[in-house]
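Down below is the structure, laid out as structure tokens.
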Amino acid sequence: MPALQMFGRRWALAADDVPVLALPAAIFHALWFIFLVVGFSAIQKPGSCANTSSYETCIIGLFICFFLSTVLESWLVREGIKGSIFETEKRKRVVPLLYAQVAVFIAEVAFLIFGTVLIFRARPPCFNQRFSLWHSQGVIDVLVWTTWGVLIFMAGAVFVTYSFFPQYNSQKSWERRCRCLALCMCCSTRMAGNSGGPGTQADQPDPLGRMSELFAQVFEHVDMVTTDILATFLMAAAAQQCKRRAVVTKMVRQNGEGPLNLEAQSSQGPLMSARSTSVRELRPTSSSTRLLTPTSSSVSQASQASDANHMERHGKEAGLTQASHGGPQHLLTPSGIAAELKPDWTPQEAAQMQGPQYEEVDPHDLGEAAHFCRFAFAAYGYMLYIWSRPQMVGWCQLCCGRHCSCWTSPVRRYMQVMLSDRRKLPDLSELKVTNHMNREAIQQMTALPDRDVVFVRFQNEGTSHSCLPYFIAIDEHSNSVVVSVRGTLSLEDCVTDFMCEPVDLDEWIKEVDSSHQPRSFQDRVPEVKPATRDTKASGHSGILESAKAVLEDLQSTGILEGLLLNPPVRGSRVERDCRGWRLVVTGHSLGAGASVLVALYLRNFFPKVKCWAFAPPGGLADPHVAEAAQDFCTSVVLGKDWIPRLTVHSFERLRDEMIMAAVRCKQSKMRFFWGALFGKTWREQDLFHPEALVQGRANHMLQQYKSSSQASKPRQNRYEQARNFVPPGRLMFLRPIKSAAKERRSNRQYKPVWITAQELKREGVLISPRMMADHMPDYLTAVLQRLAEKAGVEMHQGENLNGDYTIDIPPSPAASPLRGKSKRRSNDMQEILSNSLATGRAFIGSESSP
């Protein structure tokens, strides 16, 4: 950091990355140099064989080039490991040395070309007359071809580090990057141009243009290459862990010796609950009034003030919250350090010591969450179904489960259509193998018979390209009609996640139109419009577009309306009478965000609607909409899952933490990576400077970063409202109960509690190997079912369709909830990330890391 500037161009390589390429090249050239010295001096001297002068000239030329390359590359390694990331003045010799190395490479290529010509010439006669350990022809053969191989590898490295889009602070450059990536990934035209939907504004940029604008505003302040981002990310993780370790150590010391006094700990503050009185008392007749009334202005103002002063408090890393009355810091997500420092404490006592007393979730809510989480998981179809099972077991269960229903059910449905109306041809989707597999996976994961899976919308078959796949099912166990929306599973879905600019929700939530006529289910869904200063309710742009497309598809099919509003019609797809039943809309990740907005709109027509949002996006809607949605929406967040914590504000705060960790870091990037690779446990005093001692070039870069951030604020007003977005509804938080380091992950426990969205927002993103593992829907489903069983909730197994089929139930609390392939792949990912973290403590093998 910053990127190298050579030949008048910015390269995707920093000066402290050069040793990674220079060290292998130096070893190669040094070995050949030693071999040539030994060969010339001890085995056979030049000129002992006639007609070999040209061969020996080539060897001597390469010998000199190798000597110079060894010296220069060793020097580059020495200079490249000097200083930390921001101490660029200590590596000022790297660029001149690279220019000298380029000149040597040119000479080396010239001698290689000469040697290649010699290889294809006729050999001198003396080469065939006697045996010798040193033959110039043989040396040339090996030397030339091995050197060509190394140079081809180096040319590939140069191609990779060549920056085709050198401007890191230009929106045009970021847009070209996104379009090049979309082209390489063979993405659909929706990513490359305007989606063309009815809600698309003519003057609105296409999705890739909107993504590039966001990336340019986030990364324009500091010149960072890819390795810098990775290094600062891991340094921020180490800084978070050091900070959390210090806070927990202080808590343990304040508590004193002996067992933990839970009664005294509980008396330090009131019971923390997500069910605030203001929201409960807010029950006007109009839902629009309820949604737009600021019920927690004091909390929001305090949060905004804290956010505005964040960069002025460089030492406060994410994961620490302050008590409302100036009390001590506490941790929403407990650390395992307490159980390690106090072996006589139970994990429950250690977790209780680190935070206030939260309201526990009652078994009924927990059982309902576990039940509908299976529907949210099932929306992903056969891909995650196979992923969550060991190797070929998933394929066998999918193809042969329920007495081979994956093959017999399509034939049966095909024959039913043909026998009911021979003039009518079946839908072409009935002939797609992947559609059969998706439908079978849905039925096996939800334990529903064929007749209860009423409708499945497969990939790219909706009325709009923005329409997420979903399915409609009848759940007789709970007397519910379930609409389950799939989450992120493609690159297009990732683009939808990144389109986070705020849009207007006022028209979306009001009960009557401008003519004061009651709404009808078939009325046109409101357009997606950018939020303005007069907007009272705002939400995530990309998710709202997806929710709008799902609603339009529901209107076009008429199935939901036929099930819940109209009497059944014989011979149609809607033959069940579900009038009076409740509507449940659910989803995971992106699907959770879309399901919340879908339920918010459908509430005008189906008052009994209930939404279960599993791991919803943190930047979904403004606090007033999210808090008022507690009446019908419940969000479930597991441990350190990063998606519900990720908002525009938390992302900027994470970026600030990364920059501050890099500024304070004492070690060079290569030494830090080397230590992380081998699991080195860094002490804070060995890795970071005290904040007061940050000076020199690092302090200059920090001041430049702060000035750039302040100067760009007027251009970032478009995302100003999005900085306050929070997860929707009541928040059921599965709080991890950390155990000691010697205990394996099979003893990982969770305590379901109610928290507020502001508490989750204040804690921010916690960098950990668990941040992605806790987001996986199969793991979340298994944890919820395990907790429900532990609470004594009887899990519904569904209809026993074939006499021997039952849905998989997660292992007992003593066993790991992950199974098979998902377990192994999660282990691999967590092991890699754990070894990369600066503290070197494995999050998977033990639960002691912060």
Side-chain angles (χ1 to χ4, degrees), residues 1 84-86 215 217-248 303 306-322 329 331-333 335 618-619 640-667 669 672 676 682 684 687-694 698-699 701-710 712 716 723 759-772 833 836-839 843 849-850:
M1 181 189 295
S84 62
I85 290 182
F86 280 109
F215 289 156
Q217 292 185 7
V218 170
F219 296 108
E220 67 179 351
H221 311 297
V222 179
D223 185 4
M224 300 175 68
V225 297
T226 304
T227 55
D228 293 332
I229 296 175
L230 178 60
T232 54
F233 184 78
L234 297 178
M235 290 175 185
Q240 285 185 4
Q241 293 173 16
C242 292
K243 189 71 174 180
R244 288 163 63 85
R245 177 184 289 271
V247 171
V248 173
S303 175
S306 174
D307 299 344
N309 297 327
H310 174 76
M311 273 306 296
E312 299 298 326
R313 305 189 309 271
H314 297 298
K316 185 173 182 179
E317 278 78 10
L320 306 175
T321 56
Q322 196 80 11
Q329 292 175 330
L331 303 180
L332 173 64
T333 305
S335 169
K640 296 181 179 180
D641 185 355
W642 67 296
I643 295 299
R645 303 167 182 265
L646 186 62
T647 63
V648 174
H649 166 260
S650 65
F651 188 78
E652 291 176 341
R653 190 171 82 174
L654 178 61
R655 178 198 61 191
D656 296 342
E657 293 175 8
M658 292 166 59
I659 298 300
M660 191 60 202
V663 168
R664 295 177 53 203
C665 185
K666 295 180 179 179
Q667 305 296 330
K669 187 196 300 183
F672 176 76
W682 295 99
E684 185 174 7
L687 186 59
F688 296 113
H689 288 290
E691 297 172 28
L693 299 182
V694 175
N699 187 55
M701 294 291 291
L702 177 62
Q703 297 302 323
Q704 181 180 352
Y705 168 74
K706 293 173 61 177
S707 301
S708 177
S709 300
Q710 294 294 330
S712 65
Q716 298 179 2
R723 289 184 173 85
E759 288 176 307
L760 190 66
K761 177 182 177 182
R762 283 195 295 269
E763 185 172 58
V765 177
L766 299 181
I767 306 174
S768 162
R770 297 299 315 169
M771 64 190 298
M772 191 63 201
L833 287 177
S836 300
L837 290 174
T839 58
F843 282 80
S849 64

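Computed over heavy atoms, backbone and side chain alike; hydrogens, waters and symmetry mates excluded.
Although no hydrogens or angles enter the test, the distance criterion places no donor-acceptor pair under 3.5 Å between the side chain of Arg245 and the main chain of Ser335. Although no hydrogens or angles enter the test, the distance criterion places a donor-acceptor pair under 3.5 Å between the side chain of Gln240 and the main chain of Ile767.
Listed here is the closest heavy atom pair of Ser84 and Cys665: CB-O, 3.3 Å. Residues Met235 and Ala662 share a closest heavy-atom pair of SD-CA, 4.0 Å. Residues Gly619 and Thr647 share a closest heavy-atom pair of N-CG2, 3.5 Å. Taking every heavy atom of both residues into account, Gln667 and Leu687 meet most closely at CG-CD1, 4.0 Å. Pairing each heavy atom of Thr333 with each of Arg244, the nearest pair is O-NH2, 2.8 Å. Of all heavy-atom pairs spanning Arg653 and Lys761, the tightest one is NH2-O, 3.9 Å.
The side-chain contact (heavy atoms from CB on, under 4.5 Å) check on Glu684 picks up Cys242, Arg664, Phe688, with sequence neighbours excluded.
At a threshold of 4.5 Å between non-hydrogen side-chain atoms, the residues Met658 and Ile229 count as touching. Residues Arg645 and Met771 form no side-chain contact, since every pair of their non-hydrogen atoms from C-beta on lies 4.5 Å or further apart. Side-chain contact between Phe86 and Ile659: present, with at least one pair of heavy atoms (C-beta onward) separated by less than 4.5 Å.
If you take CZ on Phe233 and CD on Glu657, they are separated by 10.5 Å, rounding to the nearest 0.5 Å. Atom CG of Leu331 sits about 7.0 Å away from atom CD of Glu763, to the nearest 0.5 Å. Note: Leu332 CG to Arg762 CZ = 9.5 Å, rounded to the nearest 0.5 Å.
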- Message: Could you walk me through whether Val765 and Leu646 satisfy the side-chain contact (heavy atoms from CB on, under 4.5 Å) test, starting with their C-alpha distance in whole Å, then the side-chain angles of each, then the deciding distance to 0.1 Å, before giving a yes or no?
- Response: CA-CA 7 Å; Val765 177; Leu646 186 62; 4.3 Å; yes
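A side-chain donor from one of Thr227 and Lys669 sits under 3.5 Å from a side-chain acceptor of the other.
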